[in-house]
Amino acid sequence: EQMLANLDGSWDLQLLADKKGDGVSYYNTTDTTQIISVQHMTCQASCVTNGLFGNIEQQASLRYDASDRIVTPVNAKSTQNALASLWNFGNGFATSVQNAQQIMSVDSVLLITRRTQRETERDYFTVWRRR
């Protein structure tokens, strides 16, 4: 499938927004990156925090649901220190790569995803630019 082939590669987070657009965060300095290997169905994600917190990294296998276009990290392993863990709640990393993502659109330049929602959580959209 073309969508899955387009997904392969390195992506930098550009924007995180809630469903209403009230909460929009821009990532102009490209703090969060995910590298997706379609051939191996794996994902590596990293977030560079400011020096005090250290970096956050995650590696996971991916499960792809073609009918709903949802990519879900499986058996994720994260590396972070305690301060980074606290910072992680407000920086968008958890929303953008640690949860299942529905692929809304992907081409050679942009990837737009929606975090698959649990009933008690907001709907978040992310925009990624190919590195």
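Atom set for the values below is all heavy atoms of this structure, side chains included, hydrogens, waters and symmetry mates excluded.
L111 and Y64 fall within a single hydrophobic cluster, where Ile, Leu, Val, Met, Phe, Trp and Tyr side chains are chained together by heavy-atom contacts under 4.5 Å.
A heavy-atom distance below 4.5 Å is not found between the side chains of T42 and L62. Residues L110 and W128 are not in side-chain contact: their nearest non-hydrogen atoms beyond the backbone lie 4.5 Å or more apart. The closest side-chain heavy-atom distance from D12 to T32 is not below 4.5 Å. No side-chain heavy atom of F125 sits under 4.5 Å from any side-chain heavy atom of Q102. Residues T72 and D65 fail the side-chain proximity criterion, which asks for heavy atoms closer than 4.5 Å.
In this structure, N99 CG and I70 CD1 are separated by 12.0 Å, a value rounded to the nearest 0.5 Å. Note that the CH2 atom of W11 and the OG1 atom of T126 stand 11.0 Å from one another [nearest 0.5 Å]. Atoms CG and CD, on D107 and Q2 in that order, are 10.0 Å from each other to the nearest 0.5 Å. To the nearest 0.5 angstrom, Q34 atom CD is 9.5 Å from Q58 atom CD. Separating the CZ atom in R114 from the OG atom in S105 is a distance of 14.5 Å, to the nearest 0.5 Å. Within the model, atoms SG of C43 and CD of Q59 stand 9.5 Å from one another, a figure rounded to the nearest 0.5 Å.
Looking at R131 and T33, their side chains do bring a donor and an acceptor atom within 3.5 Å of each other.
Contact between V38 and L4 at its shortest, heavy atoms only, is CG2-O, 3.1 Å. Of all non-hydrogen atoms in I103 and M3, the two that sit nearest each other are CG2-SD, 3.3 Å.
Take N75 and apply the side-chain contact (heavy atoms from CB on, under 4.5 Å) test, not counting sequence neighbours, and it matches no residue.
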* Asked: Between R130 and V109, is a side-chain contact (heavy atoms from CB on, under 4.5 Å) present by the stated rule, with each step listed?
  -> CA-CA 5 Å; R130 188 176 298 275; V109 178; 5.6 Å; no

